[in-house]
Amino acid sequence: MEQKMELTCIRCPMGCCMTATVENGSVTAVTGNTCRRGKEYAMTEAVAPVRTVTSTVLCLGGVRPVVAVKTVPEVPKARVFDVMDVIRRIRVKAPVHIGDVLLRDAAGTGADIVATAELDKK
Ligand code: SF4
């Protein structure tokens with residue numbers, strides 16, 4: 001059975017309105033996108049939406065109490081709150097460097113929690 005899904009692209013500030021046609025769990029057509037990135041977004045969003053989770057992790061002995069992190073790669077949208085629960089419980093020691101993996105396989109999603117900022121020792 002064919003379904004039409006209305007989507008707003010979140011890949012850039014233009015926010016193009018798109019329509020994805022889904023048949024038997026697969027996207028068969030995308031319209032309304034201005035560029036290839038929009039089509040790629042719609043192809044995933046219509047059947048298996050994912051998100052990058054950005055947050056902060058508590059850091060001991062640093063010049064600031066927290067360090068910025070994100071998930072790499074994106075996680076299934078339905079698992080975002082599970083990943084946030086895990087992130088809330090992480091504690092690391094300074095120093096932390098951009099790209100440091102602070103936790104692997106967060107909540108069994110396969111995504112790592114990676115530092116996106118530098119944090120020096122006090
Ligand atoms: S389709 Fe392309 S131009 Fe339109 S919002 Fe998405 S990324 Fe931006």
Side-chain angles (χ1 to χ4, degrees):
M1 186 173 127
E2 184 181 288
Q3 276 183 296
K4 300 274 188 192
M5 291 183 69
E6 302 299 320
L7 301 167
T8 302
C9 183
I10 60 172
R11 292 286 188 231
C12 90
M14 279 186 58
C16 297
C17 295
M18 303 182 293
T19 302
T21 305
V22 180
E23 280 184 81
N24 301 321
S26 298
V27 178
T28 56
V30 176
T31 58
N33 57 301
T34 303
C35 70
R36 185 175 51 84
R37 289 170 63 207
K39 182 174 182 180
E40 289 167 0
Y41 171 75
M43 297 289 286
T44 301
E45 185 69 9
V47 293
V50 292
R51 293 291 184 273
T52 296
V53 178
T54 59
S55 185
T56 55
V57 161
L58 282 174
C59 187
L60 308 172
V63 293
R64 294 184 309 277
V66 295
V67 63
V69 297
K70 70 174 183 178
T71 51
V72 179
E74 297 165 313
V75 299
K77 188 177 174 185
R79 302 294 313 281
V80 165
F81 289 105
D82 297 334
V83 171
M84 284 301 298
D85 271 349
V86 169
I87 289 174
R88 257 193 294 274
R89 285 184 264 122
I90 299 173
R91 303 286 183 272
V92 294
K93 285 184 182 166
V96 177
H97 303 290
I98 292 175
D100 283 357
V101 175
L102 306 184
L103 181 78
R104 293 206 181 273
D105 192 21
T109 60
D112 296 335
I113 306 302
V114 177
T116 57
E118 294 284 325
L119 187 61
D120 293 330
K121 271 185 175 179
K122 261 189 216 170

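Just follow the structure's listing: the first ligand is 1, and inside any ligand the first atom is 1. Note that the structure is predicted; figures quoted are calculated from it, not measured.
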- Test item: Thr71 side-chain N/O and Val53 main-chain N/O as donor-acceptor pair under 3.5 Å: yes
For this session: May I ask you to say whether Arg79 pairs ionically with Glu74, meaning some side-chain N is under 4.0 Å from a carboxylate O?
Result: no
Smallest heavy-atom separation, His97 atom then Glu118 atom, equals ND1-OE1, 2.9 Å
Please tabulate, for side-chain N and O atoms in residues 22-34, each donor-acceptor pair with protein atoms closer than 3.5 Å (sequence neighbours left out).
residue : atom : partner : partner atom : Å
Thr28   : OG1  : Thr21   : O            : 3.3
Asn33   : ND2  : Cys35   : O            : 3.1

Residues at least two apart in sequence or cross-chain that pass side-chain contact (heavy atoms from CB on, under 4.5 Å) with Ser55, listed by chain then number, are Val69, Met84, Ile87
Students should find that the hydrophobic cluster of Val114, defined by side-chain heavy atoms under 4.5 Å apart, otherwise consists of Val72, Val101
Checked atom 4 (Fe) of ligand 1: protein N, O or S atoms closer than 2.8 Å come out as Cys16 SG
